[in-house]
Amino acid sequence: MKKFKLGIVGATGAVGQEILKLLEKREFPASEIKLLASSRSAGTEVEALGGVHKIEETTPESFSDLDVAIFSAGSDNSVKFAHEAVKRDCVVIDNSSAFRMDTSVPLVVPEINAGDLEKHQGIIANPNCSSAIALMAIYPLHKRFGLKKFFASTYQAVSGAGAMGPISLDQEVTEMVTGAPVPNAMPSVFPHPIAFNLIPHVDQFREDGYTKEELKMRNEARKILSLPNLKVSCTCVRVPVYRAHSISINAEFSDPVNLPDAKKVLSSFNGLDFVEKVGENVYPMPIYTSEKENCQVGRLRVDHASDNGLAFWVTGDQLWKGAALNAIQIAEEMIRRNCLRKIF
Ligand code: A2P
């Protein structure tokens with residue numbers, strides 16, 4: 001089997017570290033792995049994939065000898081380096097929001113729209129974490145009943161804010177429980193205390209009162225499902241959970257819905273587990289979805305507030321299906337389709 005030279009931009013970050021774990025777990029066919037980050041970490045040694053690797057500073061030349069690079073270093077660095085990589089014949093799978101709505105860039109959840117990969121022009125975008133997890137449950141229902149619109153409320157874990165998110169939660173919990181300030185505490189990455197609190201604010205506010213994160217749910221759902229007029233309203237909330245996002249969804253469909261068919265399509269969808277035992281307290285929860293490749297869906301009900309509506313609850317590891325895993329699945333799918341190369 002052909003092996004690929006792979007770069008990871010942001011290898012020291014929260015998502016970068018998960019990429020390293022998953023590459024090993026999934027036995028990704030890499031002949032060489034290059035770990036890239038900022039000049040701050042250049043020279044640091046990292047143990048991964050059975051060897052010791054030196055972190056290198058990211059420069060345009062970093063990509064000259066690579067087949068593919070997975071970027072998880074924020075939008076600014078994607079804008080700065082992705083085209084440099086493509087110029088050097090290195091395909092980019094980008095975890096940031098920089099290119100997601102660019103019409104020449106496929107935005108892909110492999111279980112849903114893998115075919116879009118074949119149209120790539122060097123850059124492929126990985127969806128926002130909450131969008132990817134929500135769509136893993138919405139898509140099979142859409143295929144069966146025809147989606148008209150949905151309302152979503154997210155419950156987003158602190159690790160979604162980067163490596164500093166869990167550190168902020170730890171510091172605040174320690175201070176609140178012991179009553180003593182943590183020595184050398186780092187400034188929190190959140191605008192308010194997150195310990196024992198909920199913050200209905202993820203990403204920046206727009207003029208219409210929604211946050212950018214909330215608009216990602218609408219815009220990315222439209223693109224991934226190829227439903228350009230889909231109506232979506234979303235509220236994003238940061239919660240004091242370490243890992244795995246949860247999303248409460250109320251969706252309305254064109255066709256009459258029924259629970260047996262809904263359960264059937266959700267249970268048989270690749271990458272999704274239907275987790276529900278009414279009367280036995282069995283339903284998806286973030287604590288049991290952490291470090292799981294599959295998302296989980298449950299609490300399935302007929303929505304009493306709409307015609308042909310279903311209410312359900314989805315959880316998924318946002319560092320995995322919402323970022324690292326989905327990016328690796330994109331690369332694996334491109335290998336299967338023989339399009340992990342510049343094709344323009
Ligand atoms: P570094 O550790 O050198 O700062 P997180 O989202 O968890 O905060 O991680 C962000 C990632 O993006 C880190 O790996 C970080 O590397 C990387 N990064 C930050 N700035 C740059 C840059 N200018 N070039 C390449 N990688 C960067």
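Keep in mind that this is a model prediction, so the values were computed, not measured. Both ligands and their constituent atoms are indexed starting at 1 by order of listing.
The aromatic rings of H83 and F99 stand perpendicular to each other, their planes meeting at an angle above 60°, with 30° marking the opposite boundary. A tilted orientation is assigned to the rings of F28 and F4, their planes being inclined by 30° to 60°.
Enumerated by chain and number, the residues approaching ligand 1 to less than 4.0 Å through a heavy atom are G10, A11, T12, G13, A14, A37, S38, R40, S41, T58, S72, A73, N77, G162, A163.
Side-chain contact check for S233 and Y210: at least one donor-acceptor pair (N or O, by modelled atom type) lies under 3.5 Å.
Contacts of Q156 classified as side chain to side chain donor-acceptor pair (under 3.5 Å), with partners at least two apart in sequence or in another chain: S130, T154, E213.
No path of Ile, Leu, Val, Met, Phe, Trp and Tyr side chains, each step under 4.5 Å between heavy atoms, connects Y283 with I133, placing them in separate hydrophobic clusters. Tracing side-chain contacts under 4.5 Å through hydrophobic residues (I, L, V, M, F, W, Y), one reaches I33 starting from M334; they form part of the same cluster.
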